[in-house]
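Reading through the structure tokens given below for one structure.
Predicted model, so just to flag it, every value in this text is computed and none were measured. We're numbering straight along the sequence, starting at 1.
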Amino acid sequence: MPEYYLFTLKPLSPAYFGGEHGLTEDDYFLRTRLFPQQTTILGMLRYELLRRNQTLTYQRGKGYQINDQKKAEGLIGENSFTGTEADQQTFGKIEKLSPVFLQFENKAWFLVKNPKNFQAMTIPGKSYSSSGSKTDHLYCLPGYNVKEYHLSEIFFCEDDLQKTLKVEKEENDKLSDPWAFTKFVKIGITKQYKHQPKEDGFFKMELLHLHPRAAYQFYASLETGHGLPQSGSGLVYLGGNRTPFQMNFEKVNLFFPEADQFHLSGISTLLSDAYVADGATHGAKLAATDTVIFRNQKTLTDPEFSYHQKPVGDHAHTPRLLLSRGGLLFEPDLTALQTWLNHEAYYKIGYNYFSTPK
């Protein structure tokens with residue numbers, strides 16, 4: 001019988017959640033994402049299980065290393081996330097994770113590509129293929145100006161769609177106003193050995209502040225024998241700049257109940273980034289979404305691997321393109337949509353979640 005835990009993560013300093021943004025991105029400008037990657041959360045939880053079950057030993061110059069490989073594999077599995085269905089990968093006592101979501105004033109808030117109240121419409125037209133053209137139906141959002149709106153984002157409350165939360169603080173906003181994040185840019189220069197400046201070492205890094213009344217949350221379903229108490233707390237480090245986070249957790253009765261309360265009229269919403277096998281939209285008449293590049297580190301549950309330092313060398317998976325969280329799927333066929341998004345390896349760690357329409 002699995003046990004469910006709710007984790008809360010509150011940054012204690014500005015955070016940076018890195019990621020690849022495509023070939024056109026200026027490589028000196030490091031832009032943050034709004035949420036940590038699900039593999040980051042998985043790695044944090046795997047580390048916590050090892051630490052709390054006394055399977056890590058600190059060695060000077062090497063960091064924290066596994067002292068009992070068999071016990072460690074039973075707790076966290078044999079390796080990090082691969083994303084390959086054929087592997088039928090398991091993570092020891094970690095059965096599954098929910099997507100990371102925003103908690104603001106004790107409510108769950110979900111990021112949505114703001115449809116600006118436009119409704120998808122069907123119009124007559126023609127479709128073209130190598131075999132010629134045929135009369136078909138085309139789907140569109142009439143009046144939607146991509147240059148003006150560009151899939152702007154907004155947070156909706158889990159159980160009250162009349163409540164919204166601005167994604168970023170505006171110039172005249174105060175702490176009493178409803179907003180989630182504010183960003184600022186740090187400027188620096190990368191140093192070479194012996195502290196000599198690097199010619200192309202100039203960089204700008206975008207850092208993220210959460211509203212003081214906001215935090216990140218996620219659920220974990222754990223098999224018995226995981227070693228966590230009913231509730232607890234600790235300090236963890238996440239992101240590209242190893243931001244310290246205050247972590248709190250507590251045992252709860254349900255797994256991710258907020259997803260069952262969130263429904264937009266006639267629209268399914270991606271509650272997390274989602275991997276799909278092909279680019280065509282199956283299960284909905286029209287999709288309004290962005291994409292995000294996904295890549296993660298490959299590690300083994302092995303005494304030679306340090307859980308204190310970053311892997312050295314070629315330890316990254318081939319990048320994959322995911323649909324980004326908050327994407328809108330208009331007039332969905334839920335059976336077909338479920339089939340299209342059915343990738344168990346990704347779902348297990350909190351990807352490929354979507355809401356059902358009202």
- Query: Are Leu270 and Leu341 close enough, and set up right, to give a side-chain contact (heavy atoms from CB on, under 4.5 Å), and what steps lead you there?
  - Reply: CA-CA 10 Å; Leu270 294 177; Leu341 294 174; 4.1 Å; yes
Decide if the gap between the ring center of [X] and the ring center of [Y] is smaller than 6.0 angstrom.
X: Tyr346; Y: Phe81; value: yes
X: Phe256; Y: Tyr4; value: no
X: His226; Y: Tyr5; value: yes
X: His211; Y: Phe181; value: no
X: Phe245; Y: Tyr237; value: no
X: Phe104; Y: Phe155; value: no

Spell out, as yes or no, whether a donor-acceptor pair under 3.5 Å connects the side chain of [X] to the backbone of [Y].
X: Thr339; Y: Thr335; answer: yes
X: Asp177; Y: Lys174; answer: yes
X: Lys358; Y: Gly266; answer: no
X: Thr269; Y: Gly326; answer: no
X: Thr32; Y: Leu207; answer: no
X: Ser272; Y: Tyr353; answer: yes
X: Glu73; Y: Glu78; answer: no
X: Gln89; Y: Ala345; answer: no

Hey, is [X] close enough to [Y] for a salt bridge, meaning N to O under 4.0 Å?
X: Asp173; Y: Lys166; answer: yes
X: Glu105; Y: Arg213; answer: yes
X: Lys285; Y: Asp333; answer: no

*Residue of the set Phe7, Tyr216, Phe218 for which side chain to side chain contact (heavy atoms under 4.5 Å, CB included) holds with Ile41*: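 That would be Phe218.
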Discussion item. Which residue is it: Asn248, Val100, Thr243, Leu238? I am looking for the one with a side chain to side chain contact (heavy atoms under 4.5 Å, CB included) to Leu9.
Written reply: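 The option that passes is Leu238.
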Would you say [Y] ends up clustered with [X] if hydrophobic residues are merged whenever their side chains have heavy atoms under 4.5 Å apart, either directly or through other cluster members?
X: Met44; Y: Leu235; answer: no
X: Leu49; Y: Tyr58; answer: yes
X: Phe101; Y: Leu161; answer: yes

Ring-face cation contact, [Y] with [X], 6.0 Å cut, 45° max:
X: Lys96; Y: Phe255; value: yes
X: Arg325; Y: Phe35; value: yes
X: Arg320; Y: Tyr275; value: yes

Worksheet item: Do Glu168 and Trp179 have side-chain heavy atoms sitting under 4.5 Å apart?
Response: no
All heavy atoms of Ile293 vs all of Arg33, minimum pair found to be O-NH2, 2.8 Å
Go through it in stages, so that I can follow the logic: the residues are Asp290 and Ser324, the test is side-chain hydrogen bond (donor to acceptor under 3.5 Å, both in side chains), and I'd like the CA-CA distance, side-chain angles, deciding distance and then a yes or no. CA-CA 5 Å; Asp290 288 327; Ser324 62; 4.7 Å; no
I'd like to know if the side chain of Tyr219 pairs up with that of Glu258 as donor and acceptor (distance under 3.5 Å, no hydrogens or angles considered).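 A donor-acceptor contact under 3.5 Å links the two side chains.
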| Where do Ile267 and Leu329 land on the side-chain contact (heavy atoms from CB on, under 4.5 Å) test, with the steps shown first? | CA-CA 6 Å; Ile267 301 173; Leu329 303 165; 5.5 Å; no
Hey, mind stepping through Ser355 and His263 against side-chain hydrogen bond (donor to acceptor under 3.5 Å, both in side chains) and telling me if it holds? CA-CA 6 Å; Ser355 70; His263 308 282; 5.8 Å; no
**OP:** Output, in order, the C-alpha distance, side-chain angles, deciding distance and verdict of side-chain contact (heavy atoms from CB on, under 4.5 Å) for Leu323 and Asp273.
**Re:** CA-CA 5 Å; Leu323 301 179; Asp273 296 337; over 6 Å; no
